[in-house]
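Both ligands and their constituent atoms are indexed starting at 1 by order of listing. We're numbering straight along the sequence, starting at 1. These numbers come from a predicted model, not from an experiment.
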Amino acid sequence: MSSNREWDYGGVFKKYDMSGEIKIGTGIVKVHDIYDPLPAFMKTADLIFCDPPCNSGNLSSFYTKAEIGEESRPFTKYDQFTARLFECVDEIDPHMLIMELFKSNVDVYLFNIRKRYRFVKIYESMYYHNPKNRCKIVIGSNVKFDGFDAVDGIDEEDAIHFVCKNAEYDVIGDPCMGKGLVGYYSNLYGRKFVGTELNAKRLAVLLERITTNSRGKIN
Ligand SMILES: C[S@@+](CC[C@H](N)C(=O)[O-])C[C@H]1O[C@@H](n2cnc3c(N)ncnc32)[C@H](O)[C@@H]1O
């Protein structure tokens with residue numbers, strides 16, 4: 001299998017028109033680089049959940065998978081990406097910001113979250129349901145909050161499920177949607193979501209999951 005086929009995510013993007021603002025289920029999404037001006041619909045989010053690329057190599061691999069060559073990439077350094085992501089957060093100004101973070105980015109992101117929010121909690125998590133894959137779910141809010149302790153120690157997908165089902169929000173936003181777990185689970189509970197994602201092929205997985213009502217993973 002060629003590497004391009006591996007990055008096709010099941011090839012479901014061929015079934016959908018991935019241009020412009022896409023309405024899907026209870027949400028609105030767009031193929032978009034966060035470096036471009038934030039789409040107005042993103043500003044309707046009052047809670048953000050984001051699992052951003054965790055370091056410069058990871059960021060670069062996402063551009064490669066999106067078939068964006070090095071000469072066309074707006075970010076050369078991870079700290080530029082981080083700064084731009086927090087500019088978007090500031091424009092959206094959500095009452096709560098939840099981020100999935102890793103050893104490589106937790107310190108700088110925590111610094112940025114603490115600068116913006118009075119109350120910050122950090123939960124242990126994992127990805128791909130493997131306890132060896134450690135990550136953290138960090139929650140910032142300006143209002144004292146509880147009710148999230150259930151996410152401590154559980155897999156990130158289950159944590160996203162919990163947040164989409166239980167958190168207080170009108171619209172949940174994710175600027176780096178990937179294959180769209182935030183969209184999938186908020187749609188499952190009839191709750192509104194908005195999101196942007198660099199890679200049309202990855203975002204199409206969310207469209208496919210909602211359209212076909214499938215819970216299965218497409219890798
Ligand atoms: C760790 S993944 C998020 C996974 C996601 N939680 C999911 O449900 O699939 C990070 C995502 O950020 C996207 N991304 C990277 N750089 C971006 C950029 N400049 N603008 C928007 N999205 C970007 C990547 O393509 C990737 O899908």
Whether over 12 other heavy atoms sit under 6.0 Å from Y123 OH: yes

Check: R116 and D90 side chains under 4.5 Å, non-hydrogen atoms: yes

Row check, F13 ring normal vs K201 NZ/CZ: under 6.0 Å, within 45°: yes

More than 12 heavy atoms of other groups within 6.0 Å of E168 CD: no

Protein residues having a heavy atom less than 4.0 Å from any atom of ligand 1: H32, D33, I34, D51, P53, L59, F62, Y63, F75, F81, P175, C176, M177, G178, K179, G180, L181, E197, L198, R202

Using residues 18-25 as the side-chain source, report each donor-acceptor pair under 3.5 Å to any protein atom, sequence neighbours left out, with the distance given to one decimal.
{"residue": "S19", "atom": "OG", "partner": "D17", "partner atom": "OD1", "Å": "2.6"}
{"residue": "S19", "atom": "OG", "partner": "D17", "partner atom": "OD2", "Å": "3.4"}

Within 45° cone of Y169 ring axis and under 6.0 Å: R191 NZ or CZ: yes

